[in-house]
Amino acid sequence: MNVEELTAIDVHTHAEVSRDGHTSLDPALLGASADYFKAHGHRQPTIDEMADYYRSRRMAAVVFTVDAEHATGHPRIANEEIAANCAEHADVLIPFASIDPHKGRAGVREARRLVEQFNVRGFKFHPSIQGFAPDDRMAYPLYEAIEDLGAVALFHTGQTGIGARVRGGGGIRLKYSNPMLVDDVAVDFPDLRIILAHPSFPWQDEALAVATHKEHVHIDLSGWSPKYFPPQLVRYANSLLQDKVLFGSDYPVITPDRWLADFETLDIKPAVRPKILRDNAARLLFRENAK
């Protein structure tokens, strides 16, 4: 991957369907998410199609699924399949994995194998869907392995569109996605690179506080159109956190085209824009050769 030739790096995209048509989550939850994002009719692209989409825009993208088998009973898409498929498009796709922390030692072994054999660069956690608090010691052996491997831990934070308006929220508890629960993780694993995903409604100030206070905590801007960003998020992105804020779309429910069009209207300093769109992610994901 030639980072210098890229216009942007999208650090937050979802593999929603496997090669054999298996979906990443229960169809009812995915349908509710489409309702929430007003994304009716959006296709669930294959990874090959995702590669074509980003390549045509001279962008790269981080790709992952969500492993929530313990809480939902729905089998995940195999991390190996996603990583191997991304490897076929290494010029534009960056594989992340997802491991349910409830898998214990088996999850730790899998994390090591995925990084060492499949070149996975990070791991996605969705505490609300996976049904665990990020500061639960159950997950600590997995964090320890990720830190030791030099990989990134990306945590969903804030409200989630998954389960929205479903009876009982589909059993999904929002409290687990308070970014303050990740603060303990950043203290106990001080060398772990962490991304707090999304504007963290209703805990935006908490996310800004953690990212400002902890050296290796970043924020991605996925899941919202930039025109809806809270003013304090824009202010910090323009100043104290200009080196720690990352472009993310939440593709396919929000497209980079829509996100970038709205980002153009945002009051972001010209010198900060390339940092958010590419340079901060390049430094985080490719520390050995980034600017």
Side-chain angles (χ1 to χ4, degrees), residues 11-12 36 62 64 66-68 70-71 96 98-102 107 122-147 151-164 169-224 226 228-248 250 276 280-281 284:
V11 302
H12 198 116
Y36 181 83
V62 167
F64 48 71
V66 176
D67 176 3
H70 174 84
F96 272 33
S98 182
I99 296 174
D100 193 327
H102 292 91
F123 294 82
K124 163 66 181 281
F125 296 95
H126 197 309
S128 290
I129 295 177
Q130 292 172 321
F132 83 105
D135 60 356
D136 190 327
R137 270 31 182 194
M138 167 194 68
Y140 271 36
L142 186 52
Y143 301 152
E144 182 179 14
I146 295 170
E147 180 185 51
V152 175
L154 186 152
F155 291 87
H156 171 95
T157 64
Q159 183 179 338
T160 177
I162 303 212
I172 294 167
R173 302 178 190 275
L174 299 182
K175 65 181 180 180
Y176 292 141
S177 290
N178 185 331
M180 282 304 297
L181 298 176
V182 183
D183 188 62
D184 273 359
V185 180
V187 171
D188 295 334
F189 300 92
D191 295 320
L192 177 63
R193 268 60 179 179
I194 293 172
I195 299 173
L196 303 175
H198 314 307
S200 304
F201 174 79
W203 302 292
Q204 183 64 81
D205 289 343
E206 286 86 339
L208 294 171
V210 175
T212 303
H213 192 257
K214 298 301 185 292
E215 179 184 10
H216 296 307
V217 175
H218 303 71
I219 291 176
D220 88 33
L221 301 175
S222 65
W224 291 43
Y228 298 121
F229 287 172
Q232 67 269 39
L233 175 58
V234 178
R235 186 167 62 252
Y236 273 76
N238 251 334
S239 55
L240 292 177
L241 294 179
Q242 64 179 277
D243 295 318
K244 301 179 79 177
V245 173
L246 313 167
F247 161 50
D250 224 359
I276 293 174
N280 293 342
L284 177 64

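Residue numbers count from 1 along this sequence. Please read all numbers here as calculations on a predicted model, not as lab measurements.
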- Does Tyr236 have its ring centroid less than 6.0 Å away from the ring centroid of Phe229? no

- Query: Do Thr157 and Trp203 have side-chain heavy atoms sitting under 4.5 Å apart?
  - Reply: no

> Is any side-chain heavy atom of Phe155 less than 4.5 Å from a side-chain heavy atom of Leu181?
Replying inline: no

Closest heavy-atom contact between [X] and [Y]?
X: Ala281; Y: Val11; value: CB-CG1, 3.7 Å
X: Gly131; Y: Ala71; value: N-CB, 4.3 Å
X: Ala207; Y: Leu196; value: O-CD1, 3.9 Å
X: Ala197; Y: Leu154; value: CB-CD2, 3.8 Å
X: Glu147; Y: Asp191; value: OE2-N, 3.0 Å

Under the side-chain contact (heavy atoms from CB on, under 4.5 Å) rule, what do Glu206 and Val210 come out as? Steps first, then yes or no, please. CA-CA 6 Å; Glu206 286 86 339; Val210 175; 5.5 Å; no

Just verifying a value: how many Å separate [X] [atom1] and [Y] [atom2], rounded to the nearest 0.5 Å?
X: Leu284; Y: Asp243; atom1: CG; atom2: CG; answer: 12.0 Å
X: Phe125; Y: Leu142; atom1: CZ; atom2: CG; answer: 4.0 Å
X: Lys124; Y: His156; atom1: NZ; atom2: NE2; answer: 7.5 Å
X: Leu221; Y: Leu246; atom1: CG; atom2: CG; answer: 7.5 Å
X: Thr160; Y: Ile129; atom1: OG1; atom2: CD1; answer: 5.0 Å
X: Thr212; Y: Ile219; atom1: OG1; atom2: CD1; answer: 7.0 Å

* Asked: Between Asp205 and Gln232, is any side-chain donor less than 3.5 angstrom from a side-chain acceptor?
  -> yes

Checklist entry - Do we see a donor-acceptor contact under 3.5 Å between the side chains of Tyr176 and Arg173? => result no

Glu144 CD: over 12 foreign heavy atoms closer than 6.0 Å: no

Looking at [X] and [Y], would you say the former's side chain and the latter's main chain have a donor-acceptor pair under 3.5 Å?
X: Gln130; Y: His126; result: yes
X: His218; Y: Val245; result: no
X: Ser98; Y: Asp67; result: yes
X: Gln159; Y: Phe201; result: no
X: Lys244; Y: Glu215; result: yes

Does the pair Arg235 and Leu208 meet the rule for a side-chain contact (heavy atoms from CB on, under 4.5 Å), with working shown? CA-CA 10 Å; Arg235 186 167 62 252; Leu208 294 171; over 6 Å; no

Given side chain to side chain donor-acceptor pair (under 3.5 Å), test Asp100 with His70 step by step and report yes or no.
-> CA-CA 7 Å; Asp100 193 327; His70 174 84; 5.6 Å; no

Check your understanding: Passes side-chain contact (heavy atoms from CB on, under 4.5 Å), His198 versus Asp250? Steps please.
Key -> CA-CA 9 Å; His198 314 307; Asp250 224 359; 3.8 Å; yes

Do the ring planes of Phe64 and Phe96 sit parallel (below 30°), tilted (30 to 60°) or perpendicular (above 60°)?
tilted

- On the 0 to 90° scale, with breaks at 30° and 60°, tag the Phe132-His102 ring pair as parallel, tilted or perpendicular. perpendicular

Exactly one candidate in Ile194, Asp183, Val182 meets side chain to side chain contact (heavy atoms under 4.5 Å, CB included) with Pro134; the answer is Val182

